[in-house]
K.L.:
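There's a structure below that I have some questions on.
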Amino acid sequence: MAGFLLRRLLYLVCLVVIATSASYFLAATQLNPRARYEGRNPPPPSAVVDATLDQLNMNDKVPVLTRYQRWAGDLLRGNLGRTIDNQPVNDEIGRRMWVSLRLVLIGALVGTFLGVAAGAYGAVTQYQLSDRLLTVFSFVTLSIPAVVLGVLFKNAGIGINNLLGFRLLYTTGEMTPGLDPWTVTGLLNRTAHLVLPSLVLIVIAVAFYGRYQRNAMLDVLGSDFLRTARAKGLSRTRALIKHGLRTALIPMATFFAYEFALLFVGATFTERLFGWHGMGEYFVNSVTKNDVNSVAGVTLFVGVLVLIAGFLSDLAYAALDPRVRV
Amino acid sequence: MPQEPLLSVSNLSVSFRSESGLVRAVRGVSYDVRPGELLGIVGESGSGKSVSSLAIMNLLPGHAQVSGSARLNGQELIGRSDEELSAIRGKQIAMVFQDPLSALTPVYTVGEQIAEAVLVHEQVSKAAAKDRAVQLLELVGIPNATQRASAFPHEFSGGMRQRVMIAMAIANAPALIIADEPTTALDVTIQAQILDVLQTARKVTGAAIVLITHDLGVIAGVADRVAVMYAGTIVETGTVDELFYTPRMPYTLGLLGSIPRADAGARQPLTPIEGTPPSMVALPSGCPFRPRCPMRQDVCAEREPELLPIEGDGGPDARSVRLQPDPPGGPEGPQLQAGATNDQRPTTNDHRASCHFRDDIERRGLTSRDIFVAPAPTELARVLGARETRPTMLAVRDLVKAYPLMKGAVLRRKVGEVRAVDGVSFDIREGETLGLVGESGCGKTTTIMEILNLEKPLSGSIQVLGKDTASMTRADRFAIRRDLQVVFQDPMASLDPRLPIGDILAEPLRAHGVPDAQVSRRIRELLQLVGLQPEHVNRYPQAFSGGQRQRVGIARALALEPKVLVLDEPVSALDVSVRAGVINLLERLRAQLGLSYLFVAHDLAVVRHIADRIAVMYLGRIIETGTVDEVFDAPAHPYTQALLSAIPLPDPRKERQRVRIVLKGDLPSPANPPSGCRFRTRCQTFGALTEAQRQTCINEPPALAPRTGSADHLDACHWATVETVL
Amino acid sequence: MANTASTVPGAAGPEEASSRLQLVWRRFLRQRLALFGLAIVVLLFAVAYLSPYISLWQYTQLDFNAFLEPPGGSHWFGTTQNGFDVFALTMRGMQKSLVIGLLGALMATALAATIGAFAGYFGGVVNTALLTVIDLLMVLPAFLIIAILSPSFRGHTWLIFVVLLAAFQWMVTARIVRGMTLSLREREFVQAARFMGVPGWRIIFRHILPNMASLLIIDATINVSSLILAEVGLSFFGFGVQPPDVSLGTLIGDYAGAALTFPWEFYFPAGLLVVLVLAINLVGDGLRDAFDPNTQGRA
């Protein structure tokens, strides 16, 4: 058993190493950090640029293998290198992952719960009005790109503010700069910032989970064990909730696991639209800024989280389904 | 009538809307169930037997339209709300379903699920309900009930799960238990156990039982009265003796004549019922059995016969049959108590049949052989010499096949190995049929897969037509596949649903490079050979009935003119009334084409009918082998005896007199078989042996040896004694 | 009847001989919503490709007399601040989105089917190797990889972009196909073919993949809409279709900021995109219902 787990772990570590290295090589050969300096006016002397790039380990005049060696050596000591703005990548990730979590957590929790509830309810009342409404809602929402949904909510928020004549909802940032976050005013201000992006995330999550939970529940509806539960004397509703919903949660385990493991990765579009400086924004910026070390760092971070998610998903399965317990 | 009926169903109809139109699944079914009696409902798939009972419980899907009446103790059930019915379900009427794997919720322990049945209807504490659950588990014969109550359904075997279902059904001492094919998914020895448990449950609760099944044998042994269903309606009803000995509806007659019997000595061709049950969407006018009935007249097309009493029934002969006292302690014991106050035998108008000619059949005393005609035996292609002089077509020596034993679904890993086949030897001579029998898990399927793979076995050897698979090249294997073909169990699964049958039959021909010009001619030949119309080449498999599909499967196997055919349960997925036709076809083909069969089956009656020789497997080994008559008439191994004893015979009188050997427990895990004799843990004679004899069983694996006097009859029991059980 | 050479009379019932595909098609036609979706997709396709002939403006053309004009006159969807015609831009964008979606979906599903089936059927080393590739691609953040590579297909054909999108879209389906192959491989009709001596690759293409047709068709339909949405996401950040070419994604990205002030610039492309994706999803859903024998056929 121990040997088996160890082999499995080794395999996963290899996967992350290969993935991270691959994205390092891609970034190091495809991105052009030099452009960031050469574009300045007046352009700095090339010796200065070379020195800066050397310090950052991003000089394209150095062979890529040499750069990789230095980067990998640092990585073994737990150092992800420096960003193109000469900040430690570790710090950047360490700071931004919490920003992402603060943005996404509430939306994910509320959205998942509501979605599962709505999906189960929809399946139980199949073909009735409530079910049809949910189906249409899920269907339409899942056809709208997150970007467009975000823009719609943002503009709706601005509309509400204009209507009220004062600023109830904020559309940019995590909180108004200079406020103490741990006072009542600070918390209210944070909440006012969080409402719109959270709504976007909730709507998407409800649509997603509503649809999948409904399908999972419908799969269970015709099953023999529900018939047995009713033959015992449970009413339809009670049998559906106690035996049906409980069993229909099993196939959702994977979704739950991935969602919660990837909370730190944030929401790229929502962050961008609402001006939150989380991991999602970092994703995009690392490429636009030709920031090789950040790209590699982000890949590593996401890769590890994906593997954790896979592990969590196995755990969730085992927790929900006695058949797979070892 | 001495007693008010417990359940009175009248004119019950159920229909569903479907793609192809309104499916009239149940059409005006009426029957009574008296307190404490066991009513058997027999019918083939689609006859409406399960749907009608689910309709009573209101457990059908929402789009089913139910009409008619079902009264439980005078109280109407049809049309009641779900809330009202939930108070009745599980409390007054309980159900046992067919497939015990899917019928239990996978995520709760069996203890919780039984306790739940108690808690819904009674105001007791959770702890008390749990205790009740344990008691019930003990009652239905689950060892270590206290611990097993906290196990999950997937940790139980099929038979054990069915015991759990029965425990759940009797939790609230219901007045009626509806058992819907409770033993269909189970092996025959486990079926005997479960029927035993059902009888115990009946004794303990005094409940009446409605037993729904397709197996006439099961009904013959346990039922008081029987109703036969065909095309959504009851076509004949009466006491079990009336139905089995004086059936008056041609369908019942045909059914009884078409089933092979394990206790039948001389081999006679079966009398098949032609055709297939009608589609419930487009029923023929008049009598639904008309298209298949050899007695049909014009009147049959004009109106559907009603279910009416048989005139002149109850003559001296019949009465003497019915007044015969039951053997003491026989299966009808509880029924005697229930109806002890009066003449418990039903009055004459209880035997009813829906046939315009029922009185005619009665007067003339027609049997199935008078109405249905059995095919004449086919002339052999050429006369075969004595067995020893014929060439060996297939020889298996000490075959071993092991699988890695995996554990865990999340973290799959190998934890050991299972020897699914552990030293199996047999051979098949030209023109001969060997029946390889055994219950699920005995290794018979693994054995034939090893043969068909034509690879070098882990240990031992396989020789096909004298060539050893170990030394074959790729080209040799490809060439020998012409001579070794297979027919599978499930005619639905063995034909690719996306290809018309012409293409299906062409596949083996094309694979072996038969020129296109010959392919289409050969396909027509093949279709004719198996009794299908050559014009049907462009139809898809789904346009054919199960029996016809199996004929296509047989035609495909014959395409390359093989010499040996492996038949993997070729009739077990078919409806009872079409089985006989396929069995007769296989017998005809063997004679006509001089084939040799390896016939794998769990149904011993079929094997007795079709095979020359038989090999009985248990836990990866052959434990008895010999000619069919030797093994069936004088079984020497205790397992063979138990297996034969567990077969229900479609003969109520014989059933009442038989003493059944009911084996203990389940098949041990093949991953960890018992030492010495593998059967000793369940052996019925082990207990009667001396200590020294038992030590031999524990320490020494018995070898196959002739112990009965016949050199050809081998068994693997140290203390074999012949015992007749059929 | 008694004759041994007798023929079993007629096959079952009236519904004989209608092939499965016809049945599926009949059921599909019964679903009004799905048909409506199909009609919309066809309509949008036609309009997108016919627009150069019906519109007065081409997407490369500037109207120096109309900057930021609201819809009206010859500019049906209004104009941008440079004087581009929003209708022409949107139609051009839709052409690109449609082609990317359809082509990418075809590639992704074909890849998934082939790889999944081979891994499942042959098992062993083939299986291990392919599963490792799938695991690896799942760990790699697709968004990031395509973003890094986006400058390199600037000025080249957008086909590279489609290939990249498809390359990250097939893994989940391949796993499902593999799982289904594992169970189909044990099915008796596949075994029968094997015992007849039919080679493995032929069994895959003749028996295994056709028996997953429903899954593959549905998957391809879903892929169309997910790829269109993926293109929008990437193009929003400038990592997708590169100028001077336009797609619905680049338009949405470019004009998201103008949604409040000059709504026509944003809402026309965004609205049409939503309609397009919705219509494709309706078709996918209708196909799923038509293939699923368990649905009751009440649309």
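Proteins come first, then strands; the chains are lettered A, B, ... in the order of their sequence lines, and each starts at number 1.
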K.L.:
Quick one: list whatever passes ring pair (Phe, Tyr, Trp, His ring centres under 6.0 Å) with A/Phe208, sequence neighbours left out.
P.N.:
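Only A/Tyr212, A/Phe255 meet the ring pair (Phe, Tyr, Trp, His ring centres under 6.0 Å) criterion with A/Phe208.
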K.L.:
Do other residues, nucleotides or ligands put more than 12 heavy atoms under 6.0 Å from A/Phe25 CZ?
P.N.:
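Buried by this count: over 12 neighbours within 6.0 Å.
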K.L.:
For A/Tyr11, is the OH atom crowded, meaning more than 12 foreign heavy atoms sit under 6.0 Å from it?
P.N.:
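Atom OH in A/Tyr11 is packed in, count exceeds 12.
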K.L.:
Which one wins on heavy-atom pair count under 4.5 Å against chain A: B/Val118, B/Asn58, B/Val96, B/Thr105?
P.N.:
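Option with the top pair count is B/Thr105.
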K.L.:
Using non-hydrogen atoms only, which part of B/Glu155 is less than 4.5 Å away from chain A: side chain, backbone, both, or neither?
P.N.:
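Nothing of B/Glu155, per the 4.5 Å heavy-atom cut-off to chain A.
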K.L.:
So do B/Ser102 and A/Phe225 actually touch side chain to side chain, heavy atoms under 4.5 Å?
P.N.:
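The answer is no, as the side chains (C-beta and beyond) never meet within the 4.5 Å cut-off.
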K.L.:
Could you measure the distance from the NE2 atom of B/His121 to the NZ atom of A/Lys232? Nearest 0.5 Å is fine.
P.N.:
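It is 9.5 Å, given to the nearest 0.5 Å.
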K.L.:
Who wins among B/Pro106, B/Ala117, B/Pro153 for the most heavy-atom pairs under 4.5 Å with chain A?
P.N.:
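Top count of heavy-atom pairs under 4.5 Å with chain A: B/Pro106.
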K.L.:
Check the pair B/Leu54 / A/Arg227 against side chain to side chain contact (heavy atoms under 4.5 Å, CB included), numbers first and verdict last.
P.N.:
CA-CA 10 Å; B/Leu54 287 173; A/Arg227 197 173 60 180; 3.6 Å; yes
K.L.:
Please step through side chain to side chain contact (heavy atoms under 4.5 Å, CB included) for the pair B/Val107 and A/His243, ending with a clear verdict.
P.N.:
CA-CA 8 Å; B/Val107 295; A/His243 292 261; over 6 Å; no
K.L.:
Any side-chain to backbone donor/acceptor pair from B/Tyr108 onto A/Lys242? Under 3.5 Å, distance only.
P.N.:
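Yes, because the side chain of B/Tyr108 sits within donor-acceptor range (under 3.5 Å) of the backbone of A/Lys242.
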K.L.:
Could you tell me which portion of B/Pro61 (side chain, backbone, both or neither) has an atom closer than 4.5 angstrom to a non-hydrogen atom of chain A?
P.N.:
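For B/Pro61, neither part sits under 4.5 Å from chain A.
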K.L.:
Name, in order of residue number, those residues of residues 167-185 of chain B that have a heavy atom at a distance of less than 4.5 Å from a heavy atom in chain A; otherwise write 'none'.
P.N.:
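Those residues of residues 167-185 of chain B which have a heavy atom under 4.5 Å from chain A are B/Met168.
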K.L.:
Tell me whether the count of non-hydrogen atoms from other residues, nucleotides or ligands lying under 6.0 Å of OH in A/Tyr121 goes above 12.
P.N.:
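Not more than 12 within 6.0 Å, no.
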K.L.:
Need one label for A/Leu226: side chain, backbone, both or neither, based on atoms under 4.5 Å from any heavy atom in chain B.
P.N.:
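Nothing of A/Leu226, per the 4.5 Å heavy-atom cut-off to chain B.
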K.L.:
Rounded to the nearest 0.5 Å, how far apart are CG of B/Leu85 and CZ of A/Arg230?
P.N.:
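Answer for the CG-CZ pair, B/Leu85 versus A/Arg230, is 9.0 Å.
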K.L.:
Against chain B, work out which of A/Thr228, A/Thr237, A/Thr247 has the most heavy-atom pairs shorter than 4.5 Å and name it.
P.N.:
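Highest number of heavy-atom pairs under 4.5 Å: A/Thr228.
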K.L.:
Would you give the length of the straight line joining atom CZ of A/Arg236 to atom CG of B/Leu59, rounded to the nearest 0.5 angstrom?
P.N.:
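So the CZ of A/Arg236 and the CG of B/Leu59 are separated by 11.5 Å.
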K.L.:
With sequence neighbours excluded, what pairs up with A/Val306 under the side-chain contact (heavy atoms from CB on, under 4.5 Å) test?
P.N.:
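Listed in chain order: A/Tyr258, A/Leu262, A/Val302.
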K.L.:
Under 4.5 Å, heavy atom to heavy atom, which residues of residues 86-95 of chain B contact chain A?
P.N.:
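Near chain A, by residue number: B/Ser86, B/Arg89, B/Gly90, B/Ile93, B/Met95.
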K.L.:
Please indicate whether A/Ile106 has more than 12 foreign heavy atoms, meaning atoms of other residues, nucleotides or ligands, lying under 6.0 Å from its CD1.
P.N.:
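Count not over threshold, so no.
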K.L.:
Kindly say whether A/Ser235 contributes a backbone atom to a donor-acceptor pair with the side chain of B/Asp82 at under 3.5 angstrom?
P.N.:
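Not at all, since once roles are kept as given, no pair shorter than 3.5 Å links the two residues.
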